[in-house]
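Worksheet for the structure shown next.
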Amino acid sequence: MSKVFVGRVIPEAGLELLRNAPEVSELVVWPEAWAPSPEQMREAVADCEAILNAPPSRIDDALLDAAPHLKVVANIAVGVDTIDVEACHKRGVLVGNTPDVLTDSTADVAWALLMATAWRITEADHNVRCGQWGGWKPTDYWGTDVSNTTLGVVGFGRIGQAVARRAKSFGMEILYWNRSAKPEAESELGARRVELDALLRASDFVSVNCALTDETRGLLDASKLALMKPSAILVNTARGAVIDEAALAVALKTHKIRGAGLDVFEVEPLPKDSPLNELTNVVMAPHVGSATERTRSAMARLAARNILAGLRGEPLPAPV
Ligand code: DGY
């Protein structure tokens with residue numbers, strides 16, 4: 001019988017599983033609208049055997065020191081950049097995440113941002129509402145065509161491949177950059193694995209779908225952004241820190257690239273004084289890459305199942 005700490009209010013589907021489980025003696029859900037501070041987390045987990053962690057809360061050595069009875073950490077996210085997985089494993093703490101159940105949602109959001117940026121939808125919507133639209137003109141509101149162009153996918157895992165799969169119906173050529181080759185996806189999608197520089201030079205749209213790791217932090221810096229076509233659009237639904245955001249703002253402002261569609265940022269929420277806020281060639285969303293009832297409920301259920309398996313000492317359904 002174990003105490004479980006849930007770091008944020010999560011969909012009922014997950015809470016219900018935990019509430020009704022014989023493995024759980026006490027369920028504590030952090031009730032506030034904001035995430036607990038590191039001190040609050042340390043206090044809350046002192047006598048817990050399981051943590052259902054929600055980003056941006058971090059599981060690091062200091063937190064693990066404060067939770068000596070911990071058996072399992074289940075992240076309600078696929079990205080585990082907020083979790084020191086090695087530190088957990090060293091202490092015998094199992095780690096789980098929520099892959100697969102959000103793949104299609106995140107790929108859809110990448111496409112929503114790609115299309116909105118290509119067709120300048122948010123800028124146009126604003127002008128229609130404000131009465132700044134003077135009527136149809138052959139030379140107004142030109143966007144950029146998506147069909148029959150080239151998509152470059154940075155990180156060709158499940159989500160990157162799902163983004164590419166959608167591109168097929170737009171007749172796009174697909175390039176990808178990934179640590180390892182993906183021969184099955186290559187034959188399914190006709191995708192070609194290339195070096196990152198070659199991908200950036202050739203792509204009309206670049207979708208960032210890699211995990212944030214030491215290798216990918218700041219991957220798209222000023223020198224890499226300079227390789228992109230001036231007509232190209234960059235979309236990021238992975239993690240903000242994969243891109244040097246200050247360099248991106250400069251590239252957008254000086255029209256070194258055409259636009260960007262961003263669901264994730266180096267600092268979230270995006271600071272009010274971010275230079276991105278001044279730009280009309282960027283479409284931004286508040287990290288909604290998995291934000292539907294169906295997907296978030298599936299994530300909550302999978303995170304809860306990871307917790308329960310960990311408490312039983314069984315292999316996790318979605319181990320990291
Ligand atoms: C994920 O699942 O990683 C989402 O981005 C939420 O952090």
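Computation of the quantities below employed the complete heavy-atom set of this structure, encompassing side-chain atoms and omitting hydrogens, waters and symmetry-equivalent molecules.
Look at Arg19 and Glu12 and you find a salt bridge, because one of the NZ, NE, NH1 or NH2 atoms lies within 4.0 Å of a carboxylate O, short of that distance.
Distance CG/Asn209 to CH2/Trp177: 12.0 Å, rounded to 0.5 Å. In this structure, Arg296 CZ and Arg294 CZ are separated by 14.0 Å, a value rounded to the nearest 0.5 Å. Within the model, atoms CZ of Arg165 and OG1 of Thr103 stand 9.0 Å from one another, a figure rounded to the nearest 0.5 Å. Between Lys224 atom NZ and Leu248 atom CG the span is 16.0 Å, to the nearest 0.5 Å. Expressed to the nearest 0.5 Å, how far CG of Asn53 lies from CH2 of Trp30 amounts to 13.0 Å. Thr98 contributes atom OG1, which lies 6.5 Å from atom CD1 of Ile76 (distance to the nearest 0.5 angstrom).
The backbone N or O of Thr295 lies less than 3.5 Å from no partner atom in the side chain of Ser290, so there is not a single donor-acceptor pair. Using modelled atom types, no side-chain atom of Ser203 and backbone atom of Val206 make a donor-acceptor pair closer than 3.5 Å.
The cluster map of Ile, Leu, Val, Met, Phe, Trp and Tyr, joined by side-chain heavy atoms under 4.5 Å apart, puts Leu17 and Leu311 in different clusters. Taken together through direct or relayed side-chain contacts under 4.5 Å among Ile, Leu, Val, Met, Phe, Trp and Tyr, Leu234 and Leu262 form part of one hydrophobic cluster. One hydrophobic cluster, built from ILVMFWY side chains closer than 4.5 Å, holds both Leu308 and Leu302.
Minimum interatomic distance between Ala303 and Ala74 (heavy atoms only, all atoms of both residues): O-CB, 3.4 Å. The two residues Val235 and Ala110 make their nearest non-hydrogen contact at CG1-O, 3.6 Å.
Cluster note: Val267 groups with no other residue, as no ILVMFWY side-chain heavy atom lies under 4.5 Å from it.
In this model, no donor atom of one side chain and acceptor atom of the other lie less than 3.5 Å apart for Asn75 and Asn97. Under the 3.5 Å distance criterion, with hydrogens and angles disregarded, a donor-acceptor pair is assigned to the side chains of Glu268 and His287. One side chain, Tyr176 or Glu186, offers a donor N or O that lies under 3.5 Å from an acceptor on the other.
Enclosure of atom CZ in Arg192 is not indicated, since only 12 or fewer non-hydrogen atoms of other residues, nucleotides or ligands lie within 6.0 angstrom. At most 12 non-hydrogen atoms from other residues, nucleotides or ligands lie less than 6.0 angstrom from CD of Glu184. At most 12 heavy atoms of other shown residues, nucleotides or ligands fall within 6.0 angstrom of atom CZ in Arg179.
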Please report the C-alpha distance between Glu39 and Ser37 in whole Å, then the side-chain angles of each, then the deciding distance to 0.1 Å, and finally whether the side chain to side chain donor-acceptor pair (under 3.5 Å) criterion is met.
CA-CA 5 Å; Glu39 297 74 39; Ser37 68; 3.3 Å; yes
The test is salt bridge (Lys or Arg N to Asp or Glu O under 4.0 Å); show your working for Arg166 and Asp108 and say whether it passes.
CA-CA 8 Å; Arg166 286 152 175 73; Asp108 285 353; 2.8 Å; yes
Run the salt bridge (Lys or Arg N to Asp or Glu O under 4.0 Å) check on Glu188 and Lys168 step by step: do they pass?
CA-CA 10 Å; Glu188 180 203 337; Lys168 285 262 292 181; over 6 Å; no
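Residues Leu270 and Met284 meet the side-chain proximity criterion, which asks for heavy atoms closer than 4.5 Å.
For Asp204, the side chain to side chain contact (heavy atoms under 4.5 Å, CB included) partners are Thr149, Thr150, Lys229, not counting sequence neighbours. Partners of Glu43 according to the side chain to side chain contact (heavy atoms under 4.5 Å, CB included) rule, which considers only residues two or more places apart in sequence or in another chain, do not exist here. In this structure Glu266 satisfies the side chain to side chain donor-acceptor pair (under 3.5 Å) test with no other residue, sequence neighbours excluded.
A side chain to side chain contact (heavy atoms under 4.5 Å, CB included) with Ile51 holds for exactly one of Leu63, Val72, Ile307; it is Leu63.
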Tell me which donor-acceptor pairs under 3.5 Å the side chains of residues 136-147 have, and how far apart each pair is, sequence neighbours excluded?
residue, atom, partner, partner atom, Å
Tyr141, OH, Asn127, ND2, 2.7
Trp142, NE1, Pro138, O, 3.1

Which side-chain N or O atoms in residues 84-94 pair as donor and acceptor under 3.5 Å with protein atoms at least two apart or in another chain?
residue, atom, partner, partner atom, Å
Asp84, OD1, Glu86, N, 3.4
Asp84, OD1, Ala87, N, 3.0
His89, NE2, Val320, O, 3.4
Arg91, NH1, Asp65, OD1, 3.0
Arg91, NH2, Asp61, OD1, 2.7
Arg91, NH2, Asp65, OD1, 3.0

